[in-house]
Protein chains: 2
Amino acid sequence: MRRNTTQRMAIEEVFRQNDRPLGVDEVLAYGRKLVESLNQATVYRNLKLLVDDGRLKRVTHPSLGTMYERTGKGHHHHFYCRACNHAYELPGCALNEDEIAPDGFVVEDHDVFLFGICPSCVR
Amino acid sequence: MRRNTTQRMAIEEVFRQNDRPLGVDEVLAYGRKLVESLNQATVYRNLKLLVDDGRLKRVTHPSLGTMYERTGKGHHHHFYCRACNHAYELPGCALNEDEIAPDGFVVEDHDVFLFGICPSCVR
DNA sequence: TTTTTTTGCGAAATCAATTGCAATAAAAGC
DNA sequence: GCTTTTATTGCAATTGATTTCGCAAAAAAA
């Protein structure tokens, strides 16, 4: 049976406080502000458990690599800010269903990654 | 000065024969059909040279990892067939420029990855 | 208290990509 | 055509980054 350890709760808290896709190091860094003994292996183990439990989703970003984000937020695209290196989730979908692919291709899913400058960095 | 080795020409030929994004192992496997002594390190070295020379472009696919494709084909999206594990390039862009991101986000580029079944696998 | 999961730590396994080096081969020079 | 020069290859070893693992100690929950 799964136990509510301070480490696991801290990792979930990290995602609550920073509601955007986070890399393993980010989770470790933010998590250590909550539980300073937090270990990298513990982060890896818990990220895996949280994915298994359906609380997190694993995403592979073309520039940032493996990231994790909270589930249950509906379809969204990803924005990567080249200035602060943060990833953001942008709700909604700007893809035209009909011209998405030529006849014959059966499209089941899609991932959209945007690149640019985020509002906090633009000013 | 750059030499036209049989290995390098074979690698370029591989991309001419299979005009879709290819992974390093695919380039190696197809390349060995043309030059059986072809070595992995040679593939890595030449892919890098061909990128430097602007003949290939490096792409990071969320599922397939690092891939290379020929340059000069204009903007396109990528389609990944879950049946044959091949990547395809789909010319054109089905993204709505205006609703692409909320106000404040400056979008400079984007990558779109589609997932599904390709025409050859669908029948 | 007792039981059992979980942690921290360092070691180790993976995987992708790079490098050193002697042998090879393309291109230039004779 | 033959020799010289030097880029390139093949091979194995190595790096570097990411992820996993073994195990004793710690801490939930029973």
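If you check D:dT8, D:dC21, D:dG10 against the side chain of A:Ala41, the one that comes closest is D:dC21. Taking only side-chain atoms of A:Arg3, from C-beta outward, the nucleotide of D:dA27, D:dT9, D:dT8 with the closest atom is D:dA27. Between C:dC9, D:dG10, C:dA27, one nucleotide has an atom nearer to the side chain of B:Ser37 than all others, and that is D:dG10. Among the nucleotides C:dA17, C:dC21, C:dT7, the one closest to the side chain of B:Arg45 is C:dC21. With distances taken from any side-chain atom of B:Val24 to the nucleotides C:dA17, C:dT6, C:dA27, the minimum falls on C:dA17. Comparing atom distances between the B:Tyr44 side chain and each of C:dG8, D:dT9, C:dT18 picks out C:dT18 as nearest. The side chain of A:Thr5 lies closest to C:dT7 when the candidates are C:dT7, D:dT8, D:dA27. Of the listed nucleotides (D:dG10, C:dG8, D:dA28), D:dA28 has the atom at the smallest distance from the side chain of A:Thr6.
When rounded to the nearest whole Å, the span between CZ of B:Arg8 and C1' of C:dA25 equals 12 Å. As a whole-Å value, the separation of A:Met1 CE from C:dT5 C1' is 10 Å. Here C:dT6 presents its C1' atom at 15 Å from CD of A:Glu12, a figure rounded to the nearest Å. In this structure, B:Arg2 places its CZ atom 6 Å from P of D:dT8, rounding to the nearest Å. The nearest whole Å value for the distance from the CD atom in B:Glu36 to the P atom in D:dC11 is 11 Å. Atoms CD (A:Gln40) and C1' (C:dG8) sit 12 Å apart, rounded to a whole Å. Rounded to an integer number of Å, the gap from B:Asn46 CG to C:dA26 P is 13 Å. Atoms CD (B:Gln7) and C1' (D:dC11) sit 14 Å apart, rounded to a whole Å.
In this structure, B:Glu12 pairs ionically with B:Arg55, as a charged nitrogen and a carboxylate oxygen lie closer than 4.0 Å.
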- Derivation and outcome, side-chain contact (heavy atoms from CB on, under 4.5 Å), residues A:Arg70 and A:Arg16: CA-CA 8 Å; A:Arg70 297 174 76 188; A:Arg16 258 176 257 120; 3.6 Å; yes
- Message: For B:Met67 and B:Leu56: C-alpha separation, side-chain torsions, deciding distance, then whether side-chain contact (heavy atoms from CB on, under 4.5 Å) applies.
- Response: CA-CA 10 Å; B:Met67 314 203 76; B:Leu56 294 180; over 6 Å; no
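Both B:Arg32 and A:Arg58 lie near DNA chain D, and the one whose nearest nucleotide falls closer to the 5' end is B:Arg32. Both A:Leu49 and B:Thr66 lie close to DNA chain C; mapped to their nearest nucleotides by heavy-atom distance, the more 5′-ward contact belongs to A:Leu49.
In this structure, B:Lys48 does not reach the C:dA17 phosphate: none of its side-chain N or O atoms is under 4.0 Å from OP1 or OP2. One finds a side-chain N or O of A:Asn39 lying less than 4.0 angstrom from the OP1 or OP2 phosphate oxygen of C:dC9.
Rounding to the nearest 0.5 Å places CD1 of B:Ile100 at 9.5 Å from CG of A:Leu90.
Side-chain contact check for B:His110 and B:His75: at least one donor-acceptor pair (N or O, by modelled atom type) lies under 3.5 Å.
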